[in-house]
Structure formats: structure tokens, C-alpha cells
*Asks:* 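Okay, handing you the structure first.
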Amino acid sequence: MSAKVLVVDDASFMRLNLKNILESEGFEIIGEATNGVEAIQQYKAENPDIVTMDITMPEMDGLVATEKILEFDPNARIVVVSAMGQESYIKKAIMKGAKNFIVKPFKKDKIIDTMNKALQG
Amino acid sequence: MADMDFEKFKKLFLQEADEQLEIMEKGVLQLEENGEDRKVIDEIFRMAHSLKGSAGSMGYTAIASLTHEMENVLDKLRTGDKQLNDEIVDLLFISIDTLKNLRQNVEKGSHEEDEGEIEHLLFQFRDISAASSDKKDSAVEKKMVLTTEEVQLFKDKFQEKNKFLICFELIHQQEMQSMLAFLILNNLKDEGEIVKTLPDGLEDVEGDLPFFSLLMGTEKSPEELGAVIQQSVEQDEFTIYSWEDIEQGAARNFFQEMKETFVRRDVSRDSIRVDIEKVDQLMKLVGELVIDKERLLEISKNIKAEGRDNEDAQALLETIPHVDFIATELHESVMDIRMYPVGSIFKRFPRLVRDISRQTGKEVRLEFSGEDTELDRTILQEVFDPLVHLVRNAIDHGIESPAEREAQGKSATATVALNAWQEENNIVIEVKDDGAGIDPEKIKTRAIQRGLLTEKNAEEMDRESILDLIMEPGFSTSETVSDLSGRGVGMDVVRTNIEKLDGEVEIASEPEKGTSISIVLPLTLAIVQALMIVEKNADYAIPLSAIFETIAVGENNKKELIKTVKNREVVIWREQVIPLIRLSDFFNLGELREEGFLIIAGVKGKMVGIMVEDVRGEQEIVIKSLGDFLGKDKLFGEIPGISGATIKGNGEVALILDIQGMLRCFKKGGDLIER
């Protein structure tokens, strides 16, 4: 069964990019959110297997969204997507319960690998 | 990505980039008007961040790098690590303009992006980011040490439970290694109790972390722990050792390898950033110390000479050599701090060379060697402009058009090489091309036309001296004056600037083969060994590096040493005939003296005999510039033959003789130029 993914990123370019990569490997994109607020709404509505979560976003950033989603579902699998040089944010996300992280700019293999690892837990 | 996809992505990228750039620009305008505003900074940060992400994925590295650096500075503003200032605002504006250009390039499809294009911007950002950064590099311990008590505690605490040492070697993951360690640590915390990590404080380490390990007590089996760890890294990147394994030394290899890796790394990584002003200040103080040291040495000479023999005098005599030693060591250490690799300025050339070769329609490949060669930072800064000029000249005048080159059987692409190496106490930086070379005959003709040379003098000159003529003021052999290299004033300025640094310019060239121009520089400035001499009650210093011999001149030998040839006084020295300067005559100090000391000095094989009244001896001198008073348009105008001043041990000032400058006062052929 293909894993259901919610892609959260404020840049539509990034969302498209992730979507293409994930779909080509059999993941099913069940939703796209452009900020933290949308991410929480869609998580509750769609119940995805895994979430890719950008950190810097308007309205509500990825850290808060991660925290809120995990409050709602302690078993949520969230992979944070962040840029090189933002280690401190990634650390915060991990402490809040993110399963793994992806660093931008990313390579396809690395994303798939990371997603699969996160799905194991 | 398939082509169709790529085009789709590109379109989307461009669209978003437009919006992002617009918002960024508006934001920076706001910052300029209203000053620091957290919300606005956040907004610009977010835009830069998004742009970086998408540019990185598309492979537009220039855009990604630039936005990355912008982000760093903006983040510093957000965290209050940095205050907004005009410099940052300007830099942000320039960066946005540059990003717009880069974006245009992408649209035109010429996304041939050159890092050089934005390199200077990147450097500026890095300077700002680094300036107040006080984040420590991870201090890494080299092995895991457990005291006997700790072992006992560990055993007692987890008696019945499993005790594991888990060792990681991240062979597949090159990026964000410390972050993976953090992730693993965080996941394992739920599985048991981690009592010790290596490096200590694993969760706070930043950067590369190929090796790490942790010691934990747990209820879980190795298989269960392995499954958790494999959520983060591959199976072959970690080993779980049981307590029995550890006691048998099973993990020893791991620690050995880890130690070696860290030792190698520490060599290059244990460093701190220091404001250059602080180093310069330290250097100044060391200079003062050296002056005082010389004074002490003089006092100790006096004490010895006068045979004062009390306890204090003896103690002083014992202390002074130590002070001498310490001051010298200190001087060398500070000099060492100021050393910088030449590669730091070489890096700025690829862009320049690309631009010039485009403008001139020439094909040039730039090569480097010796980038690690180190040079005093001050000298390095001063040497950049002359080097730029030399490289321009090489491409503009030296290198032929691709067609000409091919006609001559050369490859169409020419080579310009920047080479650096150390030669004894000098650093040589060479600009070498394989272009047309310099034709000595052309130079002769031109020099005669310009009145720099008589035909007769030209006959007598050797090849090297002829080549040196291109550094005479107002000389140019290029038929056309180009925007790039100007009218030949350049080489003159190059020489003047290099000589100000106590360096030399050497030219070697072979027609059709190419030209090599070398800048020979002293390793360090400021403190040199010198011979102190006396003339008419005043002291002068001559850098020891320029002196070949000192000869006492008296009744017995003056006739043999000094002859008059064609109404000129010359010195016969080691079967050579070299010009003589009487210092009193040179500086118009009055009556000439028949006896005294003859200093044979020379630079670049050109020799001169300098007749002086007396010699005091060798001494370390601190060179002080007379910059505010001497030189063109300065208070006392140009005084050839003096390069600076120094303060003697007794506090008096001595002028430093400039041998090169004195040599230049001779016309080609030997007459002293009227001053």
C-alpha cells in the first residue's frame, strides 16, 4: 500500500518538486498546505501516514505546526524540510518529535530514503 | 527531470522568483526608511529562504549561494546578533539587483552562472556574518574515558540490564552529520538511559561528525535498538558492543580510527577569529618592545664597557639576553599570526580574467599554483592592485588573438598563470603568460623616441635593463591605447607600489614564447636587520639584506679601491666597476671625506658603493613610515634615497636609506641624475 503524504511548504515550487519526486516513487500525495494552520487542518481531515514539513512559513511556522500535530496525534510521522544552516530549527523540531529531516537542496534518493526510514518507526 | 518538466519548473521558478524579489526589495526599502523591524526582516528572510530552496533544486548555484549568505546575515539580525546598519542595507540592495540579473540569465536560458559573478558579494556577507560570531567550534575529546568509579557506577546501576556501547561511523551521510547524531540521540533517549557520549555533549556539537559513540543502559535488546537507529542511518554505519565486548577491547579499532580522524581535523580547525586591528595593535606594541630591547642591549654594552660591577648591574646583564630572546620570539609569533595564504587574493581573479578576455576577444585559461604560500596580510592587500594590472597587461598586450595564435601554431586558448612560492626570505608572486612576449628592439626604439635613452646608451644595455624600461614613467609600446591597460602608466605605478613594500619587480620575456613578471616581496614588513652608519653627526640605517660588504677605507687602500673613470668616481670591487656615492654628496651635506667606510650594496645585481663616515654596527630596526611628510605632494616633496625612518635605542631618529631609490638616481650609463 502506498504511503499517504501531506506536503507542507509555502513555496509552490518546492511543493511541486517534492510531489513529483514522491509520486514517481509510489507515494500518494493526499494534500498540500502552504502554512502551519492549513497543515493542521489538513492533517486532521486527511490523516496522512507522513508529513513533510517546511520550517519557515508565514502565519504559523513548521515548528509550531509540528508541535500541534503531535499533540493531536502523538504517533504522527513528521519529516522536517529545512535548509543548510538552519540546524537549530531542525534540532527544535526533533525535540518536539519530528521523525527525521531533509535538507534543501535535496536529492531524490535522499528524500525517498529518509521518508522510508521515517515510515519504519 | 524530463525537458518538459524542466520547462514547467523553470517557469514556475521564474514566476515565484519575481514575487520573492519584489517583496524582498520592498522590505529592504522599508528597513532603510524605518530602521530595524523584526517583521520586515522575517519577511525578507523567508523570501530569501524560499528562493534559495528552489534555486538550489534547479541547480542555479549562484542564486542559491547568494541567498544563503543573505539568509545568514538576516538571521543574525533576527536573533539580535547583529544590528542593522547602512552597510548591510546597501549589501542587501546590491544583492537583490544581482539576483535580478541572475534571474534574467535563467530566463534567457544562459543560466551559465559563474560563482565569480557574485563572489565579492559572498565575501562581504561572510565578513559581516563572521564579524561578531562567537559560536564555538565543537571541542572534541579524542577518546572515551571512563574512570574506575564511573565503570563501577555504571555496572551497579544497570546490573541486570543490558549495557551497550554504540559506535557510529557515518560513511553514507556526508551532510548534517551532527544533526543525525542529534536525531539518533533523541530517539534512543526513549529506549534507555544514555550515560556518556563521545564527543562529550554530543547534542551540542555542530558541523562534521563522522565518528561518535554513546554508552547506555537499557532493557532493550541489541536488535530493538538497531531498529530504532536504522530509522536514521544505514545498518553498516553503526556497531553495538555489549559490555563483554568492551571489556575484551572490541571497540578499540573504532576509537583508534576516530582519534586519528580528529587529530587530523584539529590541525586545521582549532582556530579563532581575531579582529585584524587587534593584531595590528599587537604588532605596533611588539615594534615598541623591539626598540626598547635595542635600548637595553645598548645599556648592557655600556655597563660592560665601563666595568660597573655591582649586583644590580650583573642581574641586568643576565636579564637582558632573555628579554632579547623573548622579544624576538614574540615578534616572530605576531608575524606568523599576520600571515595569510596568497590564494585568498588569487580567488578574485577568475572573474576578472573572464571579463577582460571577453572584452578583448581573447581566449584565456587561468592557472594557479602555490595558493597556500603565506604572506603578511598588509603586503597581501597592497599587492592585489598591482597584480590586477599585471594580469590585465598580460591579456591585453601580451596575449595574441586566437587567430594569430593558431597561425603561429599555438593553441587558440592562451594560458595566464598566477604562481607563488617562497624563496629564502622572500615571497615571489609571478604572473606568467604564453603570449607574444616583449620585443627588446621595439622597446629600445620606443625608449629612444621618448627620450628615455640615447642610442649610444641603448647599445650598452643588457637585455634585462631594456625590459625594465617598460616600468619607466610614461612608457608604452602598445600601438593602441586601450581602456583596459591605459597608457603604460601602469607598469610604473606597479613598480612604485611594490617598491613601497620593499619589494622588487622582475621581468623576463621571450618573443613569441611569453612573458613572466615576478613580484618579489619580503616575508614580513616592519622589523628588519640593518647596518647603522654615521654621516655628519647623523645616523642612517641600511637594510642588511642589501649589503654585500663593508670595507674600511684609509690611506693604504683608497687609491686601489676608488678610481676616477671618465670624470666619474667608481669603486673597483671584486673586479667589477661600480658607481660610487658619497653620502655627504648625495644628500648635499657639505664637505666630502676621503676616508671612512665603503658599503658595497646592491639590489637585483645592480651594485653601488656608498662612502660613509663611520659604521656603528648591526641592529634590529622598526621601520616607521614618513608617509605624511615625504613623497609627491607631501610637505617635503620626494626625497630619493630615503625609504623611512627608525627610532634608535637611545630614542633618536635615524633615516633608512633606500638603496633601490639611490640606484635609480643613476642614468643608464652611470651619470648621476641632476636632482
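Labels below follow one simple rule: chain letters A, B, ... track the order of the sequence lines, proteins then strands, and each chain is numbered from 1. Just so it is clear, the structure is predicted and the values come from calculations on it, not from any experiment.
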*Asks:* Does anything in residues 50-67 of chain A get under 4.5 Å of chain B by heavy atoms, and if so which residues?
*Replies:* D54(A), T56(A), M57(A), P58(A)
*Asks:* Given the options G56(B), S50(B), S54(B), which has more heavy-atom pairs under 4.5 Å with chain A than any of the others?
*Replies:*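 With the most close heavy-atom pairs to chain A, the winner is S54(B).
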*Asks:* Main chain of A39(A), side chain of K68(A): is a donor-acceptor contact present, judged purely on distance under 3.5 Å?
*Replies:* no
*Asks:* Could you list the residues that satisfy side-chain contact (heavy atoms from CB on, under 4.5 Å) with K19(A), not counting sequence neighbours?
*Replies:*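 Applying side-chain contact (heavy atoms from CB on, under 4.5 Å) to K19(A) gives E23(A), I29(A), E32(A).
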*Asks:* Side chain from CB out, backbone as N, CA, C, O: work out which of these in D10(A) comes under 4.5 Å of a heavy atom of chain B, or both, or neither.
*Replies:*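 Looking at D10(A), just its side chain touches chain B.
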*Asks:* For chain B, which of V81(A), I90(A), T114(A) has the most heavy-atom pairs under 4.5 Å?
*Replies:* I90(A)
*Asks:* The criterion is side-chain contact (heavy atoms from CB on, under 4.5 Å); which residues satisfy it with E25(A), sequence neighbours excluded?
*Replies:* F27(A), K108(A), I112(A)
*Asks:* Side chain, backbone, both or neither: which part of V233(B) has a non-hydrogen atom closer than 4.5 Å to chain A?
*Replies:*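 Backbone of V233(B) only, per the 4.5 Å heavy-atom cut-off to chain A.
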*Asks:* Throw together a table of side-chain donor-acceptor distances under 3.5 angstrom for residues 20-27 of chain B, partners on residues two or more places apart or in other chains.
*Replies:*
unit_1: E25(B); atom_1: OE1; unit_2: K100(B); atom_2: NZ; d: 2.7
unit_1: E25(B); atom_1: OE2; unit_2: K100(B); atom_2: NZ; d: 3.2

*Asks:* Other residues, nucleotides and ligands only: do more than 12 of their heavy atoms fall within 6.0 Å of NZ on K220(B)?
*Replies:*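 Yes, NZ of K220(B) has more than 12 neighbouring heavy atoms, counting only those of other groups under 6.0 Å.
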*Asks:* Ion pair present between E16(B) and R103(B), side-chain N to carboxylate O less than 4.0 angstrom?
*Replies:*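 Looking at R103(B) together with E16(B), the answer is no, because their closest N to O distance does not fall below 4.0 Å.
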*Asks:* Evaluate salt bridge (charged side-chain N to carboxylate O under 4.0 Å, His left out) for D75(B) paired with R78(B), printing each intermediate quantity in order.
*Replies:* CA-CA 5 Å; D75(B) 199 38; R78(B) 300 207 304 181; 3.4 Å; yes
*Asks:* Under 4.5 Å, counting heavy-atom pairs only, tell me which of S178(B), A227(B), S232(B) racks up the most with chain A.
*Replies:*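 Option with the top pair count is S232(B).
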*Asks:* Do you know the tightest heavy-atom contact between Q230(B) and Q235(B)?
*Replies:*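 Smallest interatomic distance, heavy atoms only, reads NE2-CG, 3.6 Å.
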*Asks:* Side chain from CB out, backbone as N, CA, C, O: work out which of these in L180(B) comes under 4.5 Å of a heavy atom of chain A, or both, or neither.
*Replies:*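 Both parts, backbone and side chain.
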*Asks:* Would you mind checking which part of E43(B) comes under 4.5 Å of any heavy atom in chain A, side chain (CB onward), backbone (N, CA, C, O), both or neither?
*Replies:* neither
*Asks:* Chain B: which of K91(A), M14(A), M95(A) shares the most heavy-atom pairs with it under 4.5 Å?
*Replies:*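 Heavy-atom pairs under 4.5 Å are most numerous for K91(A).
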*Asks:* If you compare all heavy atoms of L183(B) against all heavy atoms of A98(A), which two are closest, and at what distance to 0.1 Å?
*Replies:* CD1-O, 4.2 Å
*Asks:* On the 0 to 90° scale, with breaks at 30° and 60°, tag the F9(B)-F13(A) ring pair as parallel, tilted or perpendicular.
*Replies:*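 The rings of F9(B) and F13(A) stand perpendicular, inter-plane angle above 60°.
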